[in-house]
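These numbers were taken from a predicted model, which means no experiment stands behind them. First listed ligand is number 1; within each ligand, the first listed atom is number 1.
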Amino acid sequence: MSSSAITALVGVLAGLLVIEGTRKLRQKLNSNRPPLPPSPTAVPFLGHVLGVNRDAPYITYAEWAKTYGDIMYTHLLGQEMIVLNSEELAIELLEKRSHKYSDRPAFSTTEMFGWEWGATLTPYGPRFRLHRRIYHQVFHANAALSYRPQQLQKAYEMLGHILTDPAEYAEHFDTFSASVVMAVTYGYDLAPGDTFVNKIKRAADIFLSVATPEAAAVCTAFPFLKKLPPWFPFMGFKYEAAESARLASEGLHQPYEWTRRKFDEGTAAPSMVSDALTRYQIDEDSKDPVLVQGIKEAAATVYAAAVETTNSTLLVFLYLMQRHPEVQVRAQAEIDKVVGTQRLPTFDDKPALPYVEAVLRETMRWHPVTPVGVPHATSEDDVYEGYYIPKGATVMANSWAIAHNEEKYPDSFSFIPERFLNSDGTLTDDTVSWVFGFGRRMCPGRHVATASVWVAMVCILALFKIEKTEGSDNVKWTKGLSSHPLPFPCKFIPRDADIDAQQLASLISASQHES
Ligand code: HEM
């Protein structure tokens, strides 16, 4: 649903909200509870819908924090929201009181788009615990080490694709991110152009671009909208919802069934799904349908949660590199000293490359690709520092505001990897873990994610110099829950002018011998 459609809908239907808003307000005035957190002035009953920058709400919230403080209350068409604008507060509530703050808001559009099974959206309860158990078993820090050979292999393949076809780098990033995820989740070896994952990708793309929180808020406030046909004015998004629902259902079952077949034949490569089938001794799906459904849900969610975020981080990295040749020079000097020029980097080099790690951390800090994280929700009422936090409120930790906390990150809009280095060149303790969220919902794939982004970055820096070209300064950024630059023109110049596919193959072979 477009922004103008939402605004028009809001205008037409505002009157209905007045009745509902009056009822809620009366209820609130009558109770003896403590005050809500500070809040900007709202349009009566519509809330803050008109004051929030819809393309980048996190910027509005960070601005408001200067006046109202780090904890704020807002509401959007009756949906109450608490915005946390500091890392300390997010830890205080989302981690230390995680038993109350680990639910997810019930987006009324989720089911319409066919994503009601998504682990990222699951309410805090038994299904959530099953998903998290499966994730923990396969993605905890030590388990994540076992995926490094696949990650390295896929990064080397990506270098070959960029070398032969640099203009299509965004597609190569995507293939890299998707192929790591498919290997890790299903043991599936994805080739470029492979259509196996297109369904879940398309379903995730539709959901992320169309099922915005604003569309959800409108449908929640006016449930009858869900019943209107797609040809009804402003309801065009329902065509996309129907397509998303069909694709999401196929994406939920088909990749699982592929791995199940391989598992039964005894030819399945190690993966999250085959690990779960072995661990829970599921020799037949009918033996424990609830568990099998949980495995399918956890696995299919990984694709949606991992590909876009990994890919987005690589696009931010590229954007920063073409603007900061001095950072490339320093990183490449470090790589050349440790790795040399007769092979490519491997994970064994990681501890000896602190500057490259600092570039990774500064990239994730400079522009968090999920700027308001993924919203949590409260499952109970709470009181914090005298403020009332209602049950059912959406709670957002504003990563954007955390990234731009000038006390912790001075000159925060500048890209300065050195901020993560001590004076002796070793790394500081700040791993920017907050970009992966907080508490019981914190990203379970963070160890896999940082390894994927690190290996892709270090390999690109080892082989190429990235330069601006015409159009490089005209970069557009995506809007919504996930934020990253849209592909922009830039040059990948091989650092060794003579390198060709054959020489790259020799470098790869020397590196594999080394690792
Ligand atoms: C740079 C890449 C990534 C970033 C920035 C990122 C960030 C996040 C964030 C902010 C959340 C929400 C946390 C919260 O609610 O507090 C999340 C959730 C999640 N992430 Fe990631 N993620 C990345 C990559 C991955 C990867 C590679 C995987 C899987 C291998 C993954 C799997 C998940 C899942 C399943 C959830 C939902 C967890 C839940 O709701 O309980 N993510 N991620």
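Between Tyr68 and Trp64, the two ring planes are perpendicular [angle over 60°; tilted spans 30° to 60°]. Between Tyr409 and Trp434, the two ring planes are tilted [angle within 30° to 60°]. Phe488 and Tyr319 have perpendicular rings, their planes meeting at more than 60° on a 0 to 90° scale where under 30° would count as parallel. Between Phe492 and Phe173, the ring-plane angle classifies as perpendicular under the 30° and 60° cut-offs.
Screening Leu360, Leu320, Val327 for a side-chain contact (heavy atoms from CB on, under 4.5 Å) involving Pro417 leaves a single residue, Val327.
Residue pairs meeting the side chain to side chain donor-acceptor pair (under 3.5 Å) criterion with at least one member in residues 373-383, sequence neighbours excluded, are Arg97-Asp382, Lys100-Asp382, Tyr101-Asp382, Asp381-Tyr388.
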Sub-3.5 Å pairs, protein N or O with ligand 1 N or O:
| unit_1 | atom_1 | unit_2 | atom_2 | d |
| --- | --- | --- | --- | --- |
| ligand 1 | 15 (O) | Arg104 | NH1 | 2.8 |
| ligand 1 | 15 (O) | Arg104 | NH2 | 2.9 |
| ligand 1 | 15 (O) | His376 | NE2 | 3.0 |
| ligand 1 | 16 (O) | His376 | NE2 | 2.7 |
| ligand 1 | 16 (O) | Phe438 | N | 3.0 |
| ligand 1 | 40 (O) | Arg104 | NH2 | 2.8 |
| ligand 1 | 40 (O) | Arg441 | NE | 3.1 |
| ligand 1 | 40 (O) | Arg441 | NH2 | 3.3 |
| ligand 1 | 41 (O) | Arg132 | NH1 | 2.8 |
| ligand 1 | 41 (O) | Arg441 | NE | 3.1 |

